[in-house]
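Written below as C-alpha coordinates is the structure these notes are about.
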Amino acid sequence: GENVEQHPSTLSVQEGDSAVIKCTYSDSASNYFPWYKQELGKGPQLIIDIRSNVGEKKDQRIAVTLNKTAKHFSLHITETQPEDSAVYFCAASYGNNRLAFGKGNQVVVIP
Amino acid sequence: DVKVTQSSRYLVKRTGEKVFLECVQDMDHENMFWYRQDPGLGLRLIYFSYDVKMKEKGDIPEGYSVSREKKERFSLILESASTNQTSMYLCASSLGFLGSNEKLFFGSGTQLSVL
(Lines give C-alpha, C1' and ligand atoms only; values in the text may rest on other atoms or scores of the structure.)
Protein backbone atom coordinates (compact mmCIF):
# COMPACT_ATOMS: atom_id res chain seq x y z
CA GLY A 1 0.00 0.00 0.00
CA GLU A 2 0.91 3.66 0.10
CA ASN A 3 3.22 5.11 2.77
CA VAL A 4 2.98 8.85 3.46
CA GLU A 5 5.60 10.56 5.60
CA GLN A 6 4.97 14.02 6.96
CA HIS A 7 7.47 16.36 8.60
CA PRO A 8 8.16 18.28 10.73
CA SER A 9 5.75 16.98 13.38
CA THR A 10 5.50 20.37 15.07
CA LEU A 11 6.08 23.79 13.59
CA SER A 12 6.02 27.13 15.39
CA VAL A 13 5.99 30.36 13.39
CA GLN A 14 5.65 34.03 14.18
CA GLU A 15 2.44 35.64 13.00
CA GLY A 16 2.97 37.02 9.51
CA ASP A 17 5.75 34.55 8.62
CA SER A 18 5.36 31.62 6.21
CA ALA A 19 4.91 27.98 7.16
CA VAL A 20 5.89 25.01 5.00
CA ILE A 21 4.95 21.38 5.62
CA LYS A 22 6.46 18.63 3.50
CA CYS A 23 5.18 15.16 2.71
CA THR A 24 6.66 12.24 0.80
CA TYR A 25 4.82 9.28 -0.66
CA SER A 26 5.90 5.87 -1.92
CA ASP A 27 3.39 4.78 -4.59
CA SER A 28 4.26 6.23 -7.98
CA ALA A 29 0.68 5.52 -9.13
CA SER A 30 -0.78 8.01 -6.63
CA ASN A 31 -2.49 10.83 -8.50
CA TYR A 32 -4.45 12.85 -5.92
CA PHE A 33 -2.96 14.74 -2.97
CA PRO A 34 -5.30 16.59 -0.57
CA TRP A 35 -4.44 18.59 2.53
CA TYR A 36 -6.68 18.72 5.59
CA LYS A 37 -6.80 21.12 8.52
CA GLN A 38 -8.10 19.88 11.87
CA GLU A 39 -8.97 22.32 14.61
CA LEU A 40 -9.43 21.22 18.20
CA GLY A 41 -12.62 19.23 18.67
CA LYS A 42 -13.48 19.14 14.98
CA GLY A 43 -13.13 16.75 12.09
CA PRO A 44 -10.52 17.30 9.36
CA GLN A 45 -11.52 19.90 6.78
CA LEU A 46 -10.24 19.87 3.21
CA ILE A 47 -8.32 23.08 2.53
CA ILE A 48 -6.62 22.43 -0.81
CA ASP A 49 -5.81 19.54 -3.10
CA ILE A 50 -3.71 18.87 -6.17
CA ARG A 51 -3.78 16.25 -8.90
CA SER A 52 -0.79 14.73 -10.58
CA ASN A 53 -1.25 16.58 -13.85
CA VAL A 54 -0.27 19.94 -12.28
CA GLY A 55 2.78 21.06 -10.32
CA GLU A 56 1.33 23.87 -8.24
CA LYS A 57 -2.01 25.17 -7.05
CA LYS A 58 -2.80 28.31 -5.09
CA ASP A 59 -5.81 29.51 -3.12
CA GLN A 60 -5.32 32.90 -1.45
CA ARG A 61 -2.68 32.41 1.29
CA ILE A 62 -2.39 28.67 0.75
CA ALA A 63 -0.46 26.87 -1.98
CA VAL A 64 0.52 23.29 -2.68
CA THR A 65 3.40 22.10 -4.84
CA LEU A 66 3.95 18.61 -6.23
CA ASN A 67 7.15 17.01 -7.45
CA LYS A 68 6.18 13.67 -8.98
CA THR A 69 9.73 12.68 -9.83
CA ALA A 70 10.87 13.04 -6.24
CA LYS A 71 7.50 11.87 -4.88
CA HIS A 72 6.99 14.75 -2.52
CA PHE A 73 4.47 17.54 -2.09
CA SER A 74 4.36 20.55 0.18
CA LEU A 75 1.84 22.92 1.76
CA HIS A 76 2.79 26.60 1.93
CA ILE A 77 0.92 29.06 4.14
CA THR A 78 1.91 32.71 3.73
CA GLU A 79 1.22 35.63 6.08
CA THR A 80 0.23 33.24 8.87
CA GLN A 81 -2.49 34.27 11.30
CA PRO A 82 -3.46 32.87 14.71
CA GLU A 83 -6.45 31.08 13.16
CA ASP A 84 -4.01 29.03 11.07
CA SER A 85 -3.00 27.22 14.28
CA ALA A 86 -4.20 23.64 13.85
CA VAL A 87 -3.10 20.12 12.92
CA TYR A 88 -2.50 19.66 9.20
CA PHE A 89 -2.67 16.29 7.45
CA CYS A 90 -1.41 15.43 3.99
CA ALA A 91 -2.75 12.43 2.09
CA ALA A 92 -2.14 10.51 -1.13
CA SER A 93 -4.54 8.36 -3.12
CA TYR A 94 -3.76 4.69 -3.71
CA GLY A 95 -5.39 1.47 -4.77
CA ASN A 96 -9.14 1.30 -5.05
CA ASN A 97 -10.76 4.42 -3.64
CA ARG A 98 -8.34 4.95 -0.74
CA LEU A 99 -6.37 7.75 0.84
CA ALA A 100 -3.26 7.21 2.95
CA PHE A 101 -2.69 9.96 5.51
CA GLY A 102 0.44 11.34 7.07
CA LYS A 103 0.67 11.42 10.86
CA GLY A 104 -0.15 15.11 11.06
CA ASN A 105 1.71 18.32 11.77
CA GLN A 106 0.89 20.68 14.63
CA VAL A 107 1.27 24.27 13.46
CA VAL A 108 1.41 26.96 16.14
CA VAL A 109 1.24 30.59 15.09
CA ILE A 110 2.68 32.86 17.76
CA PRO A 111 1.00 36.29 17.91
CA ASP B 1 -22.29 22.29 1.74
CA VAL B 2 -21.82 18.62 2.43
CA LYS B 3 -22.86 17.58 5.89
CA VAL B 4 -21.58 14.40 7.50
CA THR B 5 -23.19 13.87 10.88
CA GLN B 6 -21.99 11.47 13.55
CA SER B 7 -24.64 10.72 16.13
CA SER B 8 -22.46 10.92 19.24
CA ARG B 9 -19.61 13.26 20.09
CA TYR B 10 -18.49 11.27 23.14
CA LEU B 11 -19.23 7.67 24.05
CA VAL B 12 -18.16 5.58 27.05
CA LYS B 13 -18.59 1.81 26.92
CA ARG B 14 -17.49 -1.22 28.90
CA THR B 15 -15.19 -3.98 27.68
CA GLY B 16 -17.18 -6.67 25.90
CA GLU B 17 -20.13 -4.45 24.98
CA LYS B 18 -21.43 -4.29 21.43
CA VAL B 19 -21.04 -0.74 20.19
CA PHE B 20 -22.71 1.01 17.26
CA LEU B 21 -21.34 4.22 15.79
CA GLU B 22 -23.72 5.93 13.38
CA CYS B 23 -23.00 8.28 10.51
CA VAL B 24 -25.35 10.06 8.11
CA GLN B 25 -24.55 12.19 5.06
CA ASP B 26 -27.02 14.44 3.28
CA MET B 27 -25.50 14.83 -0.18
CA ASP B 28 -26.41 11.54 -1.84
CA HIS B 29 -22.76 10.44 -1.82
CA GLU B 30 -21.95 6.99 -3.15
CA ASN B 31 -18.95 6.32 -0.92
CA MET B 32 -18.70 6.33 2.85
CA PHE B 33 -15.69 5.61 5.06
CA TRP B 34 -14.75 4.93 8.66
CA TYR B 35 -11.34 5.97 10.00
CA ARG B 36 -9.84 5.91 13.44
CA GLN B 37 -7.48 8.63 14.61
CA ASP B 38 -4.86 8.03 17.28
CA PRO B 39 -2.13 10.41 18.49
CA GLY B 40 1.07 9.89 16.55
CA LEU B 41 -0.57 7.46 14.12
CA GLY B 42 -2.67 9.78 11.97
CA LEU B 43 -5.83 8.51 10.30
CA ARG B 44 -6.19 4.83 9.47
CA LEU B 45 -8.92 3.35 7.28
CA ILE B 46 -11.11 0.71 8.94
CA TYR B 47 -13.78 0.03 6.29
CA PHE B 48 -15.44 1.75 3.39
CA SER B 49 -18.56 1.27 1.32
CA TYR B 50 -19.03 2.22 -2.33
CA ASP B 51 -22.71 1.32 -2.56
CA VAL B 52 -25.62 0.16 -0.45
CA LYS B 53 -24.87 -3.24 1.09
CA MET B 54 -21.36 -3.15 -0.42
CA LYS B 55 -18.30 -2.91 1.78
CA GLU B 56 -14.57 -3.29 1.55
CA LYS B 57 -11.96 -3.78 4.26
CA GLY B 58 -9.52 -1.00 4.94
CA ASP B 59 -6.12 -1.29 6.56
CA ILE B 60 -7.25 -2.16 10.10
CA PRO B 61 -10.61 -4.02 9.92
CA GLU B 62 -9.95 -6.51 12.74
CA GLY B 63 -12.50 -6.23 15.53
CA TYR B 64 -14.89 -4.13 13.45
CA SER B 65 -17.78 -4.67 11.07
CA VAL B 66 -19.97 -2.24 9.13
CA SER B 67 -23.49 -1.95 7.82
CA ARG B 68 -24.90 0.13 4.99
CA GLU B 69 -28.59 -0.60 4.55
CA LYS B 70 -29.40 2.87 3.15
CA LYS B 71 -27.28 5.12 0.98
CA GLU B 72 -27.14 7.97 3.49
CA ARG B 73 -26.24 5.90 6.55
CA PHE B 74 -23.08 3.97 7.40
CA SER B 75 -22.67 2.23 10.74
CA LEU B 76 -19.50 0.99 12.40
CA ILE B 77 -19.96 -1.95 14.77
CA LEU B 78 -17.60 -3.12 17.48
CA GLU B 79 -18.83 -6.64 18.17
CA SER B 80 -17.07 -6.88 21.55
CA ALA B 81 -15.38 -3.65 22.54
CA SER B 82 -11.85 -3.79 23.91
CA THR B 83 -9.71 -1.14 25.58
CA ASN B 84 -7.42 -0.91 22.53
CA GLN B 85 -10.40 0.35 20.56
CA THR B 86 -10.46 3.54 22.61
CA SER B 87 -9.98 6.16 19.91
CA MET B 88 -11.44 9.01 17.88
CA TYR B 89 -13.62 7.60 15.08
CA LEU B 90 -14.16 9.68 11.97
CA CYS B 91 -16.78 9.07 9.33
CA ALA B 92 -16.32 10.51 5.83
CA SER B 93 -18.07 10.48 2.47
CA SER B 94 -17.35 11.24 -1.18
CA LEU B 95 -19.54 11.55 -4.26
CA GLY B 96 -17.40 9.26 -6.39
CA PHE B 97 -14.13 7.40 -6.33
CA LEU B 98 -11.19 9.19 -4.75
CA GLY B 99 -8.32 9.73 -7.15
CA SER B 100 -10.74 10.67 -9.92
CA ASN B 101 -12.25 14.12 -9.49
CA GLU B 102 -13.83 13.62 -6.07
CA LYS B 103 -13.14 14.91 -2.58
CA LEU B 104 -13.46 13.37 0.86
CA PHE B 105 -15.56 15.15 3.52
CA PHE B 106 -15.37 14.31 7.24
CA GLY B 107 -17.77 14.40 10.15
CA SER B 108 -16.79 15.89 13.53
CA GLY B 109 -15.82 12.57 15.05
CA THR B 110 -16.88 10.33 17.94
CA GLN B 111 -14.47 9.98 20.85
CA LEU B 112 -14.99 6.45 22.14
CA SER B 113 -13.63 5.36 25.50
CA VAL B 114 -13.74 1.66 26.37
CA LEU B 115 -13.28 0.99 30.09
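Labels below follow one simple rule: chain letters A, B, ... track the order of the sequence lines, proteins then strands, and each chain is numbered from 1. All values derive from a computational prediction rather than experimental measurement. All values below were derived from every heavy atom in this structure, side-chain atoms included, with hydrogens, water molecules and symmetry-related copies excluded.
Of the two parts of A:P34, neither the backbone nor the side chain holds a non-hydrogen atom closer than 4.5 Å to a non-hydrogen atom of chain B. Only the side chain of A:Y36 comes within less than 4.5 Å of a heavy atom of chain B; its backbone N, CA, C and O stay farther away. Both the backbone and the side chain of B:D59 come within less than 4.5 Å of a heavy atom in chain A. In this structure, no portion of A:Q45 lies under 4.5 Å from any heavy atom of chain B. For B:R44, no part lies near chain A; criterion is any non-hydrogen pair under 4.5 Å. Neither the backbone nor the side chain of B:Q6 comes within contact range of chain A, judged by heavy atoms closer than 4.5 Å. Contacts between B:E56 and chain A at a heavy-atom distance below 4.5 Å involve the side chain alone, from C-beta outward. Heavy atoms closer than 4.5 Å to chain A are found in both the backbone and the side chain of B:L43.
Under a hydrophobic clustering in which Ile, Leu, Val, Met, Phe, Trp and Tyr are joined whenever their side-chain heavy atoms come within less than 4.5 Å, directly or via other members, A:I48 and A:F33 fall into the same cluster. No single ILVMFWY cluster, assembled from side-chain heavy atoms under 4.5 Å apart, contains both A:V87 and A:W35. Using a 4.5 Å cut-off between side-chain heavy atoms of Ile, Leu, Val, Met, Phe, Trp and Tyr, with links allowed through other members, A:L46 and A:I50 fall into different hydrophobic clusters. Hydrophobic clustering of Ile, Leu, Val, Met, Phe, Trp and Tyr side chains at less than 4.5 Å, counting indirect connections, keeps B:V66 apart from B:V52. Cluster annotation: B:L95 and B:Y35 are assigned to distinct hydrophobic clusters (Ile/Leu/Val/Met/Phe/Trp/Tyr, side-chain heavy-atom contacts under 4.5 Å, transitive).
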Query raised in the report: Between A:N97 and B:F33, is a side-chain contact (heavy atoms from CB on, under 4.5 Å) present by the stated rule, with each step listed?
Result: CA-CA 10 Å; A:N97 204 22; B:F33 304 78; 3.7 Å; yes
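The 12-atom threshold is not exceeded at CZ of B:R14, counting heavy atoms of other residues, nucleotides or ligands nearer than 6.0 Å. More than 12 heavy-atom neighbours from other residues, nucleotides or ligands sit within 6.0 angstrom of CD on B:E17.
Summarising the geometry, atom CG belonging to B:L45 is positioned 6.0 Å from atom OH belonging to A:Y94; distances are rounded to the nearest 0.5 Å. Separating the CD atom in A:Q38 from the OG atom in B:S108 is a distance of 10.0 Å, to the nearest 0.5 Å.
For the pair A:L99/B:L104, a side-chain contact is recorded, criterion being any heavy-atom separation below 4.5 Å from C-beta on. Using a 4.5 Å heavy-atom threshold, the side chains of A:R98 and B:F48 count as touching.
For the set A:G104, A:S9, A:G41, the entry with the most heavy-atom pairs within less than 4.5 Å of chain B is A:G41.
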